[in-house]
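Here is the structure we will look at.
Along the sequence shown, residues are numbered consecutively beginning with 1.
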Amino acid sequence: PDITNTTLGLFVKHLHQLSDLHLGGNPIQYNSKITLEGFKNFYSAKFHLHSLKLEYCSKVGDQCISIVADRFRDTL
């Protein structure tokens with residue numbers, strides 16, 4: 001299934017025990033549906049990520065990584 005910014009919002013809203021997250025596409029089809037807007041959802045997350053794996057996400061940049069680092073620095 002396609003993971004989108006909306007999906008990330010649903011993860012934050014409903015998955016309070018989430019600890020590991022793997023997002024991405026594949027070498028032939030990059031995921032371009034996850035952007036900074038989706039990562040902004042993490043500011044209100046109640047879960048504590050222990051690992052995050054991003055592969056083949058064409059629109060994930062420095063600002064997205066900064067959000068993850070700011071929000072989950074104590075658990076990643």
Side-chain angles (χ1 to χ4, degrees):
D2 287 335
I3 302 295
T4 66
N5 291 336
T6 302
T7 310
L8 292 181
L10 292 171
F11 287 171
V12 167
K13 187 174 181 180
H14 297 289
L15 301 178
H16 299 226
Q17 299 297 319
L18 185 66
S19 63
D20 302 297
L21 185 58
H22 180 185
L23 300 171
N26 61 60
I28 297 171
Q29 184 178 7
Y30 280 57
N31 185 323
S32 63
K33 296 179 181 179
I34 301 172
T35 66
L36 177 61
E37 293 307 311
F39 274 80
K40 287 179 180 177
N41 289 299
F42 285 140
Y43 282 126
S44 61
K46 292 181 174 50
F47 53 78
H48 302 286
L49 282 182
H50 297 283
S51 71
L52 173 64
K53 185 174 184 178
L54 299 169
E55 291 186 312
Y56 306 108
C57 295
S58 60
K59 294 188 178 179
V60 173
D62 293 346
Q63 290 178 312
C64 296
I65 302 304
S66 291
I67 289 171
V68 171
D70 287 346
R71 175 58 186 85
F72 301 109
R73 75 174 45 147
D74 295 331
T75 60
L76 279 176

Handout entry: Considering all heavy atoms, the nearest Leu54-Val60 contact
Key = CD1-CG1, 3.9 Å
Completion exercise
Heavy-atom nearest pair, Ile34 first then Phe39, reads CG2-CE1, 3.3 Å
Practice task
Find the distance between CG (Leu18) and NE2 (His48) and round it off to the nearest 0.5 Å.
Solution key: 11.5 Å
Problem - Gln63, CD atom: more than 12 neighbouring heavy atoms under 6.0 Å - result: no
Handout entry: Joint hydrophobic cluster, Leu10 plus Ile67, side-chain heavy atoms closer than 4.5 Å
Key = no
Fill in the blank from the handout: Interatomic distance, CZ@Arg71 vs OG@Ser66, rounded to 0.5 Å, equals 15.5 Å
Practice task
Taking all heavy atoms of Leu52 and all of Leu23, pick out the closest pair and write down the distance.
Solution key: CD1-CD1, 4.5 Å
Completion exercise
Heavy-atom nearest pair, Lys59 first then Cys64, reads O-SG, 4.3 Å
Exercise for the section: Taking all non-hydrogen atoms of both residues into account, name the closest pair between Gly24 and Cys57 and its distance. Expected result: CA-SG, 3.5 Å
Handout entry: Close aromatic pair by centroid cut-off 6.0 Å: Phe42 and Phe72
Key = yes
Exercise for the section: Kindly check if the number of other-residue, nucleotide or ligand heavy atoms within 6.0 Å of CG (Asp62) is above 12? Expected result: no
Handout entry: Same apolar cluster: Leu36 and Tyr56, side chain cutoff 4.5 Å
Key = no
Practice task
Establish whether Tyr30 and Leu8 are linked, either directly or via other cluster members, by ILVMFWY side-chain heavy-atom contacts under 4.5 Å.
Solution key: no
Practice task
Show your reasoning for whether side chain to side chain contact (heavy atoms under 4.5 Å, CB included) applies to Leu49 and Asp20.
Solution key: CA-CA 6 Å; Leu49 282 182; Asp20 302 297; over 6 Å; no
Practice task
Show your working on side chain to side chain contact (heavy atoms under 4.5 Å, CB included) between Thr7 and Thr4 and close with a plain yes or no.
Solution key: CA-CA 5 Å; Thr7 310; Thr4 66; 3.2 Å; yes
Problem - Any donor-acceptor N or O pair under 3.5 Å, side chains Asn5, Thr35 - result: yes
Problem - Non-hydrogen atoms of Val12 and His16 that approach each other most closely - result: O-NE2, 4.3 Å
